[in-house]
Amino acid sequence: MQSSLISILSSLLLVSALPGPNVQQGCRQLAARFPTLTFTPGTTEYNTQIINVWSQTCIIEPYCVFEPETAQQVASALGIFTATNTKFAVRSGGHMPVPGANSIADGVLVSLNRMTAKSLSRDKKVASLGPGLRWAPVYEWLYSQGVLVNGGRFSDVGVGGILLGGGLNFWGSQYGWSSSNVRNFQVALANGQLVEANANGPYSDLFWALKGGSSNFGIVTRFDVNTFTIGPITGGLIQYPYSPENHQSWVDAVAHYVEPTGGSSDVRASMNPVTVVTPSLGEVTVIGSWFSYNGAETAPAAFENFTSMDALFNTMRVSTEYSDFQSHFDLPDILDRSNRHLFSVTAMKAKAESVYLANPIFLEHAFEKLKNVPNCTTSINYALVTQNWLAASRRAGGDSIDLDPAKGGFVQMSIESIWEDEKYDAQVNQYSRELIAAFDKASKAAGLHYPFTYINEAGTSQTPFSTYGDGKSLGRLRNIAHKYDPNGVFQKLVPGGFKVSVG
């Protein structure tokens, strides 16, 4: 009797674990129409794709994987998903460490990794990029032609996420967000229609929404991006030996740089200052910064407060090959896909006081909240978005992010945590939420809060769209989503990621 009961319970558990009939039907139809592009568990390509994400927290096993090669195949797949009510996720580079944002359980993973076509217009002013590309081959190819696009900072990141989420970059004070430089999106809509969205055509509202609106409106199958001419670039990484005195000098340098009259006033300059701590050791592990300068100056004045400090090592140099310039930024921990990662972010006004306010709050929370997590590091990156950056985005035609340059720039307090064991997932997430809450409480009290959440570095519980346009963009984003997706396919059948339906 007992064995029979166990058998019945086991059968019930097995049935409850089986995928629903919708996804089974969706995958069957995909496999029938695209047999060489649809992969099921046990196949080599399926196994490769489910782990092809940056953070181990995002490894989820879909019912099948679909790897389209053309825009029309993407549109056809959307028709299948809509007709069968099949849930799906879309992946470009897989860099966003939000579980479910680039994979799915009981659904179809649409991996765009085969869509890597690229072309340059005859006058070299427009680069057309497939959504499956990563930035390294794009930069190498364009730099050899004497031009560049305003894309992501790290070579392993996918093209799609950056260009749909705004995009932090090296050239922002000159050209704005990465998405500001897109002049046309080819988009597969929920109804299977392929359209061209740009500033002058019938889909100009969709064009505005896609510049920052992420994956809420369709699947972008091609990005046409404005280029700019480029020559030698100065760049590198400087790391400093840690001591309390050195750290304070470095914080002073960061604070001076972010001031509108500081080093950041040079629109050709960009830097990413970071403090890394290992809480279990009670140590500040790294203080340093990546630097980039659009020009061949060996010692840009914008960085003099950093270059005058004694360094542990300094790779700053003028590069005439883009691979040499990029090598400064692609450190092993950035490229490593074997750990668990988490982002969270908030913003403060671009003032020295913001840096001085954030630094002790970060150190206190890191050492207290994560001290029992082995092999864990957590870092703060003071990523500056200048007033010139926001003005350049406005000049480029505006976007759904829609931040007013008249209100000044801001410093993004970007927190990244890296750990190994999944049993600490909840603790690291709680640390991130509490740290952001502490930042916001302190910055509001000091009159330094800047109400913006950058989507590409947002945490799982954050709501970036509610901060777009000082809260004014969300209603328009929702209207545009309903116009082009009246049945809410990208709100309901794509469950992961950040949704305009919930802010």
Side-chain angles (χ1 to χ4, degrees), residues 16-27 29-30 38 41 46 49-68 74 77-112 131 158 160-161 164-165 187-192 209-210 213-220 341-343 425-426 429 453 455-456 458-466 474 477-478 480-482 484-503:
S16 67
L18 289 174
N22 295 334
V23 67
Q24 294 182 60
Q25 187 178 3
C27 282
Q29 290 191 25
L30 277 177
T38 306
Y46 175 94
Q49 286 305 314
I50 64 170
I51 64 171
N52 193 23
V53 289
W54 184 53
S55 175
Q56 294 288 298
T57 59
C58 297
I59 294 180
I60 304 172
E61 296 188 12
Y63 189 66
C64 70
V65 173
F66 176 57
E67 296 183 47
V74 173
L78 279 173
I80 292 173
F81 300 149
T82 302
T84 59
N85 205 36
T86 296
K87 293 182 179 180
F88 63 100
V90 183
R91 177 187 300 166
S92 173
H95 193 264
M96 181 178 279
V98 175
N102 45 47
S103 193
I104 189 170
D106 194 20
V108 180
L109 168 60
V110 180
S111 174
L112 303 175
L164 288 171
V187 195
L189 300 177
N191 63 4
L210 287 168
S214 191
S215 57
N216 281 276
F217 310 94
I219 300 177
V220 175
H341 297 258
L342 178 68
F343 286 149
D425 287 6
N429 273 272
T453 301
I455 191 169
N456 284 347
T460 54
S461 61
Q462 295 188 279
T463 55
F465 295 120
S466 65
L474 182 55
L477 285 167
R478 285 173 172 164
I480 294 169
H482 181 72
Y484 293 105
D485 182 15
N487 295 319
V489 169
F490 285 92
Q491 304 304 306
K492 300 172 185 175
L493 294 185
V494 186
F498 299 99
K499 301 298 172 190
V500 296
S501 56
V502 294

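Here Asn85 contributes atom CG and Leu493 contributes atom CG; the two are 5.0 Å apart, rounded to the nearest 0.5 Å. Here SG of Cys27 is found 12.5 Å from CZ of Phe88. Values are rounded to the nearest 0.5 Å. The CZ atom of Phe465 sits 8.5 Å away from the NZ atom of Lys499 when rounded to the nearest 0.5 Å. Atoms CG and NE2, on Leu477 and His482 in that order, are 14.5 Å from each other to the nearest 0.5 Å. Atom CG of residue Leu164 and atom CD1 of residue Ile455 lie 9.0 Å apart, to the nearest 0.5 angstrom. Once rounded to the nearest 0.5 Å, the distance linking CD of Gln49 with CG of Asn102 reads 11.0 Å.
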Side chain to side chain contact (heavy atoms under 4.5 Å, CB included) between Ile60 and Ile104, intermediate numbers included | CA-CA 6 Å; Ile60 304 172; Ile104 189 170; 5.6 Å; no
* Can you list the steps and then say if Thr453 with Thr463 is a side chain to side chain contact (heavy atoms under 4.5 Å, CB included)? -> CA-CA 7 Å; Thr453 301; Thr463 55; over 6 Å; no
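Using a 4.5 Å heavy-atom cutoff, the side chains of Ile480 and Phe217 are in contact. For the pair Ser214 and Phe498, the minimum side-chain heavy-atom distance is 4.5 Å or more. In this structure the side chain of Leu112 reaches within 4.5 angstrom of the side chain of Ile219, judged on heavy atoms. No side-chain heavy atom of Ile50 sits less than 4.5 Å from a side-chain heavy atom of Ser103. Contact of the Leu30 side chain with the Val108 side chain is registered, since non-hydrogen atoms from C-beta on lie closer than 4.5 Å. In this structure the side chain of Pro131 never reaches within 4.5 angstrom of the side chain of Val220, judged on heavy atoms.
Applying the side-chain contact (heavy atoms from CB on, under 4.5 Å) test to Asn191 and every residue at least two apart in sequence or in another chain returns Leu189, Gln193.
Nearest heavy atoms, Ala188 versus Phe490: O-CZ, 4.4 Å. Asn456 and Gly161 make their closest contact through ND2-O, 3.2 Å (heavy atoms, listed as atom of the first residue, atom of the second, distance). Contact between Thr86 and Gly26 at its shortest, heavy atoms only, is OG1-CA, 3.5 Å. For Pro99 against Thr460, the heavy-atom pair with the smallest separation is CD-CG2, 3.9 Å. Closest heavy-atom contact between Met96 and Cys58: O-SG, 3.7 Å. Between Lys492 and Lys87, the closest heavy-atom pair is O-CE, 4.3 Å.
The main-chain N or O of Leu342 is never found under 3.5 Å from a side-chain atom of Thr57 such that the two would form a donor-acceptor pair. Although no hydrogens or angles enter the test, the distance criterion places no donor-acceptor pair under 3.5 Å between the side chain of Ser55 and the main chain of Pro97. Panel note: side chain Asp485, backbone Ala481; no donor-acceptor pair is recorded below 3.5 Å.
Atom CD of Gln491 sits in a crowded spot, with more than 12 heavy atoms from other residues, nucleotides or ligands closer than 6.0 Å.
Ring geometry for His95 versus Trp54: interplanar angle under 30°, hence parallel rather than tilted (30 to 60°).
Gln25 and Thr84 share no donor-acceptor pair across their side chains, judged by distance under 3.5 Å alone.
With Arg91 as reference, Asn52 is the one residue of Asn52, Val110, Val65 to meet the side-chain contact (heavy atoms from CB on, under 4.5 Å) rule.
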